[in-house]
Amino acid sequence: MMKETPTKGGPDTLSVLVGGKAGAGVDRSGTILGKLLNRLGYRTFIHRDYPSIIRGGHTFSIIRAAKDRIAAHREEVDVILALDRETFTLHQHRLKEEGICLCDAREKTVLPHPRAFGIPLAEILREEKAPAVMTNTCMIGAFAKTIGIDFTLLETILRQELRKETELNVKVAKRGYETVKEVLTIEPLRQEILPLITGNQAIALGLVKGGLDAYVSYPMTPTTPILHYLAGVSGDFGLDILHLENEISVILTALGYAYAGKRAAVGTSGGGFCLMTEGLSLAGMAELPILIVMGQRPGPSTGLPTYSAQTELLFALHAGQGEFPRFLAAPGDAEEAYYWSALGLRISWEFQIPAIILSDKDLGESFYNFDRGLAGDPEALNLLPEKEGRNSSANTGQDLPYRRYTLTGAGISPLAFPPLAGGIIKVNSYEHDEAGITTEDPRQTMVMQEKRLRKAEYLARALEAVKTVNTYEGENQEMALLCWGSNKGPCFEVGRRLGLKVIQPVVLNPFPTRQFQQALTGVKKLITVENNATAQLGRLIRNYGFQACGQILKTDGRPFSLEELEEKVKGAIA
Amino acid sequence: MMKETPTKGGPDTLSVLVGGKAGAGVDRSGTILGKLLNRLGYRTFIHRDYPSIIRGGHTFSIIRAAKDRIAAHREEVDVILALDRETFTLHQHRLKEEGICLCDAREKTVLPHPRAFGIPLAEILREEKAPAVMTNTCMIGAFAKTIGIDFTLLETILRQELRKETELNVKVAKRGYETVKEVLTIEPLRQEILPLITGNQAIALGLVKGGLDAYVSYPMTPTTPILHYLAGVSGDFGLDILHLENEISVILTALGYAYAGKRAAVGTSGGGFCLMTEGLSLAGMAELPILIVMGQRPGPSTGLPTYSAQTELLFALHAGQGEFPRFLAAPGDAEEAYYWSALGLRISWEFQIPAIILSDKDLGESFYNFDRGLAGDPEALNLLPEKEGRNSSANTGQDLPYRRYTLTGAGISPLAFPPLAGGIIKVNSYEHDEAGITTEDPRQTMVMQEKRLRKAEYLARALEAVKTVNTYEGENQEMALLCWGSNKGPCFEVGRRLGLKVIQPVVLNPFPTRQFQQALTGVKKLITVENNATAQLGRLIRNYGFQACGQILKTDGRPFSLEELEEKVKGAIA
Amino acid sequence: MTAHNFETSVLNTWCPGCGNFPLLNTVKTVLQELGEGESPTRPENLVLVAGIGCHGKIVDYLNLNSFYSIHGRVLPVATGIKLANPDLEVIGFAGDGDAYGEGLEHLIYAAKRNIDITVIIHNNRVYSLTTGQFSPTSPLGFPGRSTPAGSPEPPLNPLELLLAGGATFLARGFSSEPEQMKQIFREAIDHRGFALVDILQVCVTFNNLHKYYAERVYTVTDHDPADYLQALNKIKEWDYGAGTGGAGSGEEKERIPLGILYKREAPTFDRRLSPGGGRSRAATQEHREALIEKILANSK
Amino acid sequence: MTAHNFETSVLNTWCPGCGNFPLLNTVKTVLQELGEGESPTRPENLVLVAGIGCHGKIVDYLNLNSFYSIHGRVLPVATGIKLANPDLEVIGFAGDGDAYGEGLEHLIYAAKRNIDITVIIHNNRVYSLTTGQFSPTSPLGFPGRSTPAGSPEPPLNPLELLLAGGATFLARGFSSEPEQMKQIFREAIDHRGFALVDILQVCVTFNNLHKYYAERVYTVTDHDPADYLQALNKIKEWDYGAGTGGAGSGEEKERIPLGILYKREAPTFDRRLSPGGGRSRAATQEHREALIEKILANSK
Ligand SMILES: Cc1ncc(C[n+]2csc(CCOP(=O)(O)OP(=O)(O)O)c2C)c(N)n1
Ligand SMILES: Cc1ncc(C[n+]2csc(CCOP(=O)(O)OP(=O)(O)O)c2C)c(N)n1
Ligand code: SF4
Ligand code: SF4
Ligand SMILES: [Mg+2]
Ligand SMILES: [Mg+2]
């Protein structure tokens, strides 16, 4: 609002909620509103809440703009754009006292709110012969005016975002714009305007950056958008996009790609991941690279398909029979999603191990600003010093005969692909010798198991060179919040507000023990904040000799709002 | 041997190794030899080692007989029955100095061993027009004579074990019997003769005891014998035995049985378990009872199909998306296999949760004595006091309408089955309300998740009433071995020999914290003994605040022999 | 006894105009009438099994026993229920992604085994709940969200596949023809053995083929569903857009036969399982425990 | 260049007399000859994929590129390899339990998509490596170890199923007729598209049908594999023991046709994937990275 509420972390400029029935374009409205505020130079974040319903259920987005980097939503909002009455009923408690509500003129009389502005939406649409779905465009027009945005900016964004019936949309927006007057002024900020993308898009771009050749998938919320996105740009990037018959086929086909030397990634959620676990174990044994994007949502089973959770950490760490190294990172925002997807793919190929990017619905489907500078260069890290057997080119430089599982110091064998003139490449799901031939010999078995597990040690060492544990250094260094994944946003912001330290391990396997230890220096009280019922990260760190003494858990599928988390943290540290 | 080697734990009477090519009847010979010694009143154990080959690979069994209860094999043997030369070559190092070796007369000249006895096997077979596979029967005959067993006892056992061509077998055995003379005398022992059964058979019988209606499976070593066994006795027991198209179908079909009120169990190994994890999660959400026998073998992936491992503890504990309670027991011998399979099935039904019996190839396929008295009564335990909502009968006694997920104190809802006159039974993989109708409501989600997780607490409490952690109280109470599953046998015997305490938790989830704590009383040094590379139990106990300070791990697929384990333990405690 | 109320109070969230509405209504009528005939099937003896997709919601809307299964797994669940209690009338509702994609194998095995259940496929030829990807029966070139440039594979003809798999009852309906659906559903449920009904269910949001179908469908007449070759011909008459390069390309108007296309009698799995394989169920727990002791005694 | 040695020094552990021996030898000959023709396929361009079962061991015995996959998953692996590099000649070896049971769905989808690979099924009609259970193609009533009283379900006719699934090349061979296998394998490999060869492979240990087959098999002559109906007839001529109540019941002597039963040309998946869907591969990593920056710049 105009009179900004100064907060410790920087002024919160505006929180806008747009809501309506599924299918009414709420999501698209959220994006347009977000871009609008983003273009004014604000740091923007969009939280999206929608049910597993194609039409009719209630859905809403909260667009938040602030001066500083944010990645969380507030409970409280300044503006409600109510595409239907239910939106107002469900969310009116969020509206600040001085907040405003835009609604259809016919609802105006019904909504008892003093600052409700009725827009003659139906009338305008009728006059413009516009379909009902343009209600939201019209309302966005009105909103732009209310907060004093120049129509040309809105028009630019509309033209960018609405590729169908663009002219009519612009017209309808203009009509909405003209129905109201400026209520408050949002001053543009003089700072760099950053891209605004979803976590899923960041993952997709990261994979391409990491050298992706093929994305293989079967649709499953919340990773389906990666499939859609990459399918859309596959022509430009020269990617194979395969939507196959089921998740078993997905991972096995991807492993076929890997065998033939092409970098493949797959994406799924819990149920599909279950079906991939046998292939995951095969990747472990055959030493085939593969990257799995595993998007969490509340379970067990089908659960709440379109909501969020952090319940698969331990499952992902232990999935698949037998013991084999895997890389697992849980990025906390778009830059991390990009960086670790790219680096994860590289790691998978350098170490010939499966890599898992553990995402969740909130990370995947929220919009985040993307700061190139913060994202870092996923190619900067030298994963393995040459002499220790770094060798992932087809030209193995070795004397023939080629042996796929040649024993080396780091356990990493030369990786070649067919056709290899004069060489034979055998991979095997059975225990095998260096040439890839089946064995049941006890000594051979031990040697090969050690070989594979050795790679984890080298990987852990290599990862020492990059930041695997993020911290926010609050004034109070004795009290710390522990978080992972999409909880980074709320925790960092609450930590900043309350002056607490915040610790967020991004890499969860191999566990960055040293960096975690270092982050804990001076911390007396560690509170884990997680979207699950059993504090999975809290349990995991016990394996490495650390312990959280408090836990703030949430299991309703919704992310922490800042207010909610702040209150709980205050309670926990009291 | 005649001059028994007295050991602390009781005299080891005899260790016999029989070996030959896969398909030559080695396995059957082992059983006959075991029964022979068992009938003399000895406690008997048979370890079986065979490759994943139908014909031709080397396979052997070690039959061990002792005065006291045993469940482990020795490296050293007294007798080798070499069905082929390779057997002698591979195992001669095991033969005690005063040991003997029976072989084909033609090999006699080749085998340089002073106490090798050549039996004219080929000659006898030719004369009796017996097929080559009867070589082993002939050799068993000779063996019986060498150790002074009355032929009538052998004949009884042969008639019991060999249902095909019985007469010819007996004749051939007799001919073998007559070719040699008594070399040493095994005196019968005057103690009760106990049944000698495999762990798999014990599991199968336990399931029937627990009220099994249907066993649904897809063959996979090492649990295939359960399928075979139950298929064979299904007519007598009135069981449905289903061998379906794959493991996904197996678990889902079993859940269909559960919904309709029939107790179903499934059996598999790592790869098949992977495919069942999605169904496991469904069982968690829909609160459908199911018992899974999960037989471990070395992985990752296809690995060593016919050998043994303990690598799936953490996978089994965390498998399936979302968080839900599960029961998991890892029995250590036949009695425990029987008891916990029966009780596991009961628990699964009383608490409407999945139960996992974590077995392994050594537990499943070794022969153990079965002591009725030790096995205990799986029905004795009162799992839930009536007032807390114990209710698993169709007649719910509630006022209609029936609601499948009625909230109760213990989280356990009345369980009814169709047809329920006047009532409707809805189960659901989505999050749901009490009636089983899909919901995405945040509060409802939390309430139902808590309801399900509450059952674990009540289960943990109920299990306080039974022994979930076994201990062997050695003289040295400060030094303890920690083990699970089939390592019970070797650890208890080595513990006894070295006077160390041994702790074996049988129930691993819900973790029996109190009993484990109690078992640890006075223990200063805890060494975990496991057949895996990462000390999975050692890691698990850290979650509950305990810690092992040493580990003895074995990853070659073979069980610890007593000598091997003893040496390692000595090293570890030195 | 008061009449059973088939309705639940659950808010229906299918899109207005969705073909699932007439399908639901028809099912409701048929099941209601089932309870009224000469040898009535009481509502409590009905069990519905659903997969995950828009179609699956049908079980939330029917006040009947139901098992809302996971994606692709209607068939094994239905199989388990039927085998556990053959007196139950088990009806499965699955999507095309669900039954012809994710879990196709189970469908073929249900046909092979002739499990005595009825399965209704809400074949909208698209993945709806996941917002519009091509499905196993989408025409070649379908521009779904995972295949914006057109799906690169021809569709399956599920009826042809199941005929080859051994199904004993195969029919096709159209969601805009409730009367015919009703007849088909009735006969499918009456059929002793595995009955599959492929319903061309219009998805107005992601694949609105209402007009396309309306112009092409016809009901088979003079058709002997017991005649394998006639059945095969009818089944192959329309190929789900395998060769057309997309439904609605309109080059030539294919005809889409509706009705009961194939039907034969064969022993059902539950009856085949009985004779040799146990299932006596007479075996009391006491009897079993005595037997356990006997087995142990003989294992010495 | 010296000739490639196709042998490995691995000890062969198949049972003496197993039908896998002639199969292996024939494959070896065919692959050897492939390297000698006019446009030879070099050994390094061959990739073998195997499932888990006795059959799978074949890849240990051949000194060629191979991917020893997991049970039931020959097809997706082979698909991935072929799509990743269409220049490779990919040949799958699967068991009947493997391909018609555990992983049947993948097989049908490989046919549907017309993936340009060859799959050879070691159809011994039993699960051998797991010591003798009935399989998807065991005759009704087969007394396997999981069905001692006889299997309660009729077999699938895999060729009929795959014909319905859209396969473009279907053939049947017999492990005791190596010359014919050789011809079939050659043509199957030559075929542009999905080729499935069902080999009646004798398992001497668990299902010795050598005599049974020898008395019944014949090679199709005067047969036009391009004619769908002729193909269907030949394929249905023998039903794998669906109605006989068990192979070898001997009541009447069925005839078992061998040879190439069906064959047609159709676009392969890799070619269909190309036009719209990317695969330009021309896209260099530099180009891609520039594009990423452009996309980001446009996301403001
Ligand atoms: C194992 C698994 N994979 C993916 C999904 C996600 N999913 C839910 S519904 C659906 C497709 C639905 O398509 P269809 O079966 O045709 O049903 P419709 O929505 O069209 O009725 C998918 C892929 C899932 N729930 N489980
Ligand atoms: C997921 C999974 N389930 C079960 C098994 C165990 N298994 C190994 S081979 C086999 C059956 C082999 O039969 P088939 O495919 O016909 O091959 P054959 O041995 O007859 O050549 C099975 C069930 C496995 N390896 N993986
Ligand atoms: S998306 Fe399609 S199938 Fe789903 S409810 Fe809407 S119209 Fe019906
Ligand atoms: S068991 Fe059968 S298939 Fe396997 S090697 Fe022996 S004969 Fe061949
Ligand atoms: Mg559909
Ligand atoms: Mg087979």
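Letters A, B, ... are given to chains in the order of the sequence lines, protein chains preceding strands, and every chain is numbered from 1. Fair warning: this is a prediction, and the values are worked out from it, not measured in the lab. Note that these values count all heavy atoms, side chains included, but never hydrogens, waters or copies made by symmetry.
- Within the 4.5 Å cutoff, the side chain of Arg272(C) has heavy atoms near those of the Pro154(D) side chain.
- Of all residues spanning residues 224-233 of chain C, those with a heavy atom less than 4.5 Å away from chain D's heavy atoms are Tyr228(C), Leu229(C), Leu232(C), arranged by number.
- The stretch residues 110-119 of chain C places Lys112(C), Arg113(C) near chain D, each with some heavy atom under 4.5 Å from a heavy atom of that chain.
- Chosen from His106(C), Glu105(C), Glu160(C), the residue pairing most often with chain D at heavy-atom distances under 4.5 Å is Glu105(C).
- Here Pro136(D) is the residue among Pro136(D), Gly150(D), Gly165(D), Gly166(D) with the most heavy-atom pairs under 4.5 Å with chain C.
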Go through the steps to decide whether Leu104(C) and Leu104(D) satisfy the test side chain to side chain contact (heavy atoms under 4.5 Å, CB included), and finish with yes or no. CA-CA 9 Å; Leu104(C) 174 62; Leu104(D) 175 62; over 6 Å; no

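- Taking CD1 of Ile108(D) as the reference point, atom CG of Leu161(C) lies at 4.5 Å (rounded to 0.5 Å).
- Looking at Pro148(D), neither its backbone nor its side chain comes within 4.5 Å of chain C, counting heavy atoms on both sides.
- In terms of heavy atoms, Tyr109(C) sits closest to Gly101(D) at OH-CA, 3.5 Å.
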